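Here's the structure, in structure tokens; my notes come after.
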Amino acid sequence: MNILSLEDFSVEEINEILDSANEFINGKKVDYQGKKVIANLFFEPSTRTHYSFEKAALNLNCKTMNFDEVNSSTKKGESLYDTIKTFEMLGVDGFVIRHTQNAYYNELVGKINVPILNAGDGTGNHPSQSLLDLLTIKRQFGKFEGLKIVIVGDIIHSRVAHSNIKVMQRLGMTVYTSGPEEFREEGYNFVELDKIINEVDIVMLLRVQHERHKSLMEMPLEEYHKKYGLNMERVNKMKEDAIIMHPAPFNRGVEIADDVVECSKSKIFEQMKNGVFVRMAMIQKALEE
Ligand code: CP
């Protein structure tokens with residue numbers, strides 16, 4: 001089966017994927033004995049998603065192929081569909097795809113007979129990131145219902161925000177957004193960070209995605225940090241058991257102060273670790289259902 005957007009999955013199915021990821025954390029073993037091949041095709045840069053999908057596939061004893069876009073026939077004009085169809089004909093068993101175009105998968109669904117795992121589409125969806133965020137939250141609080149989160153920063157360009165806001169609301173969380181006016185999005189529950197920081201269970205920071213806009217935000221980075229960044233002064237106002245999250249990569253000294261990255265409330269590196277187990281659960285689900 002394809003995993004393209006969490007909107008395609010019920011709350012029950014989402015919790016099943018998280019339970020499966022937890023079982024992998026607790027030592028569950030699944031061994032495809034080198035008989036399945038997962039192809040990673042990244043048309044946009046990635047460190048965490050690419051290599052944690054790769055590690056997840058290796059943990060399941062799958063073989064992997066890593067597409068090198070720069071030296072591929074896309075440079076001769078080959079389309080996304082023809083590229084993916086080619087890999088299907090080569091005999092791969094699963095695709096992990098990241099692409100700059102929102103909902104790139106719409107042109108593939110129904111025509112590609114191998115499961116597709118969406119590793120991020122433009123500003124649209126990032127289901128594996130949302131699942132690892134949810135796993136991190138569930139392992140911390142044991143629940144979703146009633147939790148409050150503020151997502152701070154470049155909301156409008158963030159597929160992480162778009163994926164998370166929708167699924168977290170479905171899971172019973174209250175989601176606030178915060179940050180500069182240029183990055184706000186209609187329909188989301190906007191608040192000033194300093195007015196909500198002492199009430200929320202989770203502060204999730206987002207990177208300013210300079211690659212997705214030219215000069216939308218002219219503000220100097222020091223000013224951004226002062227107005228919207230998470231520094232220790234703000235951390236000290238957070239609830240005792242509240243946590244800090246960031247999908248990364250992060251800009252130290254911009255949306256997050258250097259000393260906050262690894263402070264006791266920060267779950268940023270735990271998120272990365274959880275990503276491997278969530279992606280193991282996703283690959284198993286995609287291959288078996
Ligand atoms: N969080 C995330 O998607 O990171 P990468 O872009 O490095 O994959």
Side-chain angles (χ1 to χ4, degrees), residues 3-6 17-18 21 38-59 64-70 94-105 116-137 139 149 151-168 177 179 183 202-213 230 243-252 254-256 260-262 266-283:
I3 304 182
L4 306 173
S5 162
L6 293 185
I17 299 173
L18 300 179
I38 304 296
N40 296 312
L41 290 94
F42 281 72
F43 296 85
E44 236 189 33
S46 169
T47 298
R48 273 146 295 275
T49 313
H50 186 160
Y51 295 102
S52 67
F53 262 120
E54 169 104 14
K55 182 63 164 54
L58 295 173
N59 286 356
T64 60
M65 293 171 78
N66 288 290
F67 177 64
D68 174 10
E69 194 210 356
V70 174
F95 287 109
V96 174
I97 305 175
R98 172 175 286 187
H99 203 279
T100 49
Q101 190 187 308
N102 283 32
Y104 67 82
Y105 41 76
I116 299 169
L117 295 163
N118 179 16
D121 60 289
T123 60
N125 286 280
H126 197 344
S128 67
Q129 180 68 45
S130 286
L131 287 167
L132 76 87
D133 291 341
L134 294 176
L135 181 63
T136 306
I137 292 168
R139 284 175 65 80
I149 183 170
I151 304 180
V152 189
D154 194 352
I155 306 290
I156 201 164
H157 299 104
S158 172
R159 56 189 167 222
V160 177
H162 295 144
S163 275
N164 273 343
I165 290 168
K166 284 178 265 186
V167 72
M168 286 174 178
T177 62
F183 297 154
I202 304 145
V203 176
M204 179 177 282
L205 305 159
L206 300 174
R207 183 175 65 90
V208 177
Q209 303 198 29
H210 294 288
E211 72 275 22
R212 297 201 195 281
H213 51 86
L230 192 62
I243 62 170
I244 298 160
M245 300 177 72
H246 193 312
F250 38 79
N251 299 301
R252 290 177 190 252
V254 184
E255 73 272 12
I256 186 164
V260 173
V261 173
E262 292 182 66
S266 172
K267 299 291 167 190
I268 296 173
F269 289 103
E270 195 176 314
Q271 286 173 265
M272 295 177 198
K273 200 169 172 182
N274 289 338
V276 175
F277 300 105
V278 149
R279 289 170 176 124
M280 288 170 75
M282 291 174 74
I283 292 171

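Bear in mind the structure is a predicted one, so any value in this text is a computation, not a measurement. One-based numbering, in listed order, for ligands and for the atoms of each. This chain uses plain numbering: 1 for the first residue, then up along the sequence.
- The distance from atom CD1 of I17 to atom CE of M280, rounded to the nearest 0.5 Å, is 14.5 Å.
- Expressed to the nearest 0.5 Å, how far CG of L131 lies from OG1 of T136 amounts to 10.5 Å.
- Using a distance-only test at 3.5 Å, with no hydrogens or angles considered, no donor-acceptor pair links the side chain of E44 to the main chain of G122.
- Taking the six-membered ring for Trp and thresholds of 30 and 60 degrees, H157 and F183 have ring planes more than 60 degrees apart, a perpendicular arrangement.
- Enumerated by chain and number, the residues approaching ligand 1 to less than 4.0 Å through a heavy atom are S46, T47, R48, T49, R98, H126, Q129, P247, A248.
- Under the 6.0 Å distance and 45° angle rule, R98 does not count as a cation-pi partner of F42.
- Using bins of under 30°, 30° to 60° and over 60° for the plane-to-plane angle, the ring pair F269/F250 lands in the perpendicular bin.
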